[in-house]
Protein chains: 2
Amino acid sequence: MVVQSLVETTSAAIQEHDAQDAAPSPRRRRKDARPSELTAAALDLFVEKGFAATRLDDVAARAGVSKGTLYLYFDSKEALFKAVIEEGIVPALAAAEQQLAGYQGTSAGLLQALLNGWWQQIGNTHLGGVVKLIISESRNFPDAAQYYHDHVIVRGRSLLRAALNRGIATGEFREMNVESCIDVAIAPLLMLVIWRYSLCFCGNDIDPAEFLRTHVDLLVNGLQRKETNQ
Amino acid sequence: MVVQSLVETTSAAIQEHDAQDAAPSPRRRRKDARPSELTAAALDLFVEKGFAATRLDDVAARAGVSKGTLYLYFDSKEALFKAVIEEGIVPALAAAEQQLAGYQGTSAGLLQALLNGWWQQIGNTHLGGVVKLIISESRNFPDAAQYYHDHVIVRGRSLLRAALNRGIATGEFREMNVESCIDVAIAPLLMLVIWRYSLCFCGNDIDPAEFLRTHVDLLVNGLQRKETNQ
DNA sequence: AAATTTACTGACCAGTCAGTCAGTAAATTT
DNA sequence: AAATTTACTGACTGACTGGTCAGTAAATTT
């Protein structure tokens with residue numbers, strides 16, 4: 001495995017960005033920057049066209065190198081795919097971990113902070129593409145899907161579970177099936193991301209901010225105790 | 001274009017179902033049944049592997065014919081794809097149309113009936129695969145995605161819009177951004193279907209019935225008026 | 001039962017693309 | 001400045017697959 005410490009090298013070495021210059025650019029030599037440039041290009045194309053329909057020539061061209069160079073850094077197309085997923089997961093985890101740290105306030109506010117934070121730091125960034133990619137290719141790459149599931153989804157569910165149990169313990173929320181609530185709370189976020197990379201291009205424009213506000217509003221109101229129960 | 005009136009011929013002629021018989025079955029001649037058999041096989045494989053990764057030889061084999069036969073009924077791989085989508089949409093529309101017809105009762109009940117009905121008649125059937133397929137391939141087939149969007153999604157949103165406006169008009173629901181509510185209400189259903197065809201195979205088992213119950217419960221409670229407003 | 005039509009087959013072709021590697025040029029060392 | 005190392009290139013190949021079509025056999029007509 002050639003890939004390591006991809007994320008750090010990204011911002012360190014972006015100087016020239018003449019990938020698709022017509023002029024035969026003087027052959028650049030930037031070993032450290034290549035992997036992240038290649039995975040970034042690959043993510044874009046994988047999300048847009050899917051894994052099978054993406055040509056490695058196109059990935060290399062978008063990264064401004066030849067296909068041969070791609071094979072200096074990744075053993076195979078599949079290895080490139082897994083690197084894309086892995087690189088997309090690490091920042092997601094980092095973002096998630098620092099969310100719940102010592103939050104003070106209502107559980108409703110905590111819930112809102114978690115959902116908004118996820119959107120700001122993952123859903124609304126280019127990391128969101130990873131979600132669609134995993135969904136689309138999970139059957140072709142069950143181990144990558146499993147990896148994503150175990151590391152991202154399970155952990156994200158834990159965060160929400162904590163917030164929900166906290167609210168129920170304090171009496172702020174009514175008793176509910178917590179596990180189902182977790183899934184119901186996450187689903188609109190995932191759907192919003194998926195939407196942005198699929199049907200969004202059919203002219204339907206969902207306003208993410210308004211969508212999120214409505215979702216959190218409905219969710220919190222739905223969870224809170226009230227006199228007229230059902 | 002060879003494809004026409006696929007849906008009608010479907011139920012008309014399903015008699016023998018020996019697609020993957022080991023014995024060299026005596027060459028069958030069933031012109032009318034072929035198209036739907038082929039689209040059914042194609043749907044399965046497209047959903048599982050994606051369009052590009054699906055071999056037409058495999059589609060034909062699953063339908064119990066040779067690849068040459070496939071080309072007697074469909075002009076190209078892309079034509080097959082579009083037939084799959086089209087055949088998946090028609091029943092969805094039929095199911096949707098007969099939902100709202102003269103419903104009596106609370107708007108909450110109507111909402112619940114709409115969501116449950118969609119799940120029963122579309123999400124929980126093999127038609128659900130079409131949703132994942134559209135999502136995954138929308139960028140590769142923008143016109144098919146547009147078609148699906150215009151005919152299925154827009155119409156589905158109209159049904160929900162009517163239910164929500166009805167509830168607001170009667171005072172049962174509070175004032176809200178109706179358009180966002182529609183999307184938030186649909187998202188978990190779509191996500192549930194997508195889940196069943198993707199990450200579901202990672203060992204995570206969502207109970208659809210419980211998920212739906214929780215979603216409807218939260219949604220209705222979130223929509224209803226209450227004293228302690230926010 | 002001979003002739004014709006119809007549904008179907010599977011070997012084949014042509015284009016595509018993942019993966020290879022001998023060669024090139026920039027950088028570094030001597 | 002010569003020698004060596006390193007990053008990179010792009011032409012090539014072999015396998016694969018969408019699409020074709022001459023041929024076959026069941027059904028139908030004569």
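Protein chains get the first letters and strands the later ones, always in sequence-line order, with residue 1 at the start of each.
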Q. Taking five pairs at each end, how big is the angle between the two axes of the helix from C/dA1-D/dT30 to C/dT30-D/dA1, to 10°?
A. 10°

Q.
Please tell me if B/T69 has a side-chain N or O lying less than 4.0 Å from either OP1 or OP2 of C/dC8.
A. no

Q: Mind calculating the distance between OH (B/Y73) and C1' (C/dT6) to the nearest angstrom?
A: 10 Å

Q. With sequence neighbours left out, what residues match B/D205 under salt bridge (Lys or Arg N to Asp or Glu O under 4.0 Å)?
A. none

(Q) Using whole Å, what does the distance between atom C1' of nucleotide D/dC21 and atom CG of B/L70 come to? (A) 16 Å

**Q.** Minimum heavy-atom distance between A/Q146 and B/C202, given as atom pair plus value
**A.** NE2-O, 3.2 Å

Q | Contacts of A/F46 that satisfy ring pair (Phe, Tyr, Trp, His ring centres under 6.0 Å) - sequence neighbours left out | A | A/F51, A/F81

Q: Using atom CG of B/D75 as one end and atom P of D/dG18 as the other, report the distance to the nearest whole Å.
A: 16 Å

Q: With sequence neighbours left out, write down each residue that passes side chain to side chain contact (heavy atoms under 4.5 Å, CB included) with A/L127, or none if nothing qualifies.
A: A/P91, A/I122, A/T125

Q | Value in whole Å for how far the C1' atom of D/dG19 lies from CG of B/L38 | A | 15 Å

**Q.** Inter- and intrachain pairs under side chain to side chain donor-acceptor pair (under 3.5 Å), touching residues 49-59 of chain A, at least two apart
**A.** A/R55-A/D58

Got a list of protein N/O to nucleotides 12-17 of chain D N/O distances below 3.5 Å?
| from | atom 1 | to | atom 2 | distance (Å) |
| --- | --- | --- | --- | --- |
| D/dT17 | OP1 | B/R55 | NH1 | 2.8 |

(Q) I'd like to check the side chain to side chain donor-acceptor pair (under 3.5 Å) partners of A/E210; sequence neighbours left out, ordered by chain and number. (A) A/R213, B/N177

Q: Report the distance from atom OH of B/Y71 to atom P of D/dC21, rounded to the nearest whole Å.
A: 13 Å

**Q.** Integer-rounded Å distance: D/dG19 P and B/L80 CG
**A.** 10 Å

Q. In whole angstrom, what separates B/R34's CZ from C/dT6's P?
A. 17 Å

Q | Residues that B/R157 engages under salt bridge (Lys or Arg N to Asp or Glu O under 4.0 Å), provided they are two or more places apart | A | B/E179, B/D183

Q | Test ring pair (Phe, Tyr, Trp, His ring centres under 6.0 Å) applied to A/Y147 - qualifying residues, sequence neighbours left out | A | A/H151

Q.
Can you list, in residue-number order, the parts of residues 40-51 of chain A that come under 4.0 Å of DNA chain C, counting heavy atoms only?
A. none

(Q) Tell me the interatomic distance from A/F74, atom CZ, to C/dA18, atom P, rounded to whole angstroms. (A) 15 Å

Q: Could you note down all residue pairs passing side chain to side chain donor-acceptor pair (under 3.5 Å) where residues 126-141 of chain B supplies at least one of them, sequence neighbours left out?
A: A/S136-B/S136

Q: Quick one: do A/L190 and A/W118 satisfy side-chain contact (heavy atoms from CB on, under 4.5 Å)? Show the steps, please.
A: CA-CA 10 Å; A/L190 292 178; A/W118 184 88; 4.2 Å; yes

Q | Residues that B/V178 engages under side chain to side chain contact (heavy atoms under 4.5 Å, CB included), provided they are two or more places apart | A | B/R161, B/L164, B/N165, B/I168, B/I182

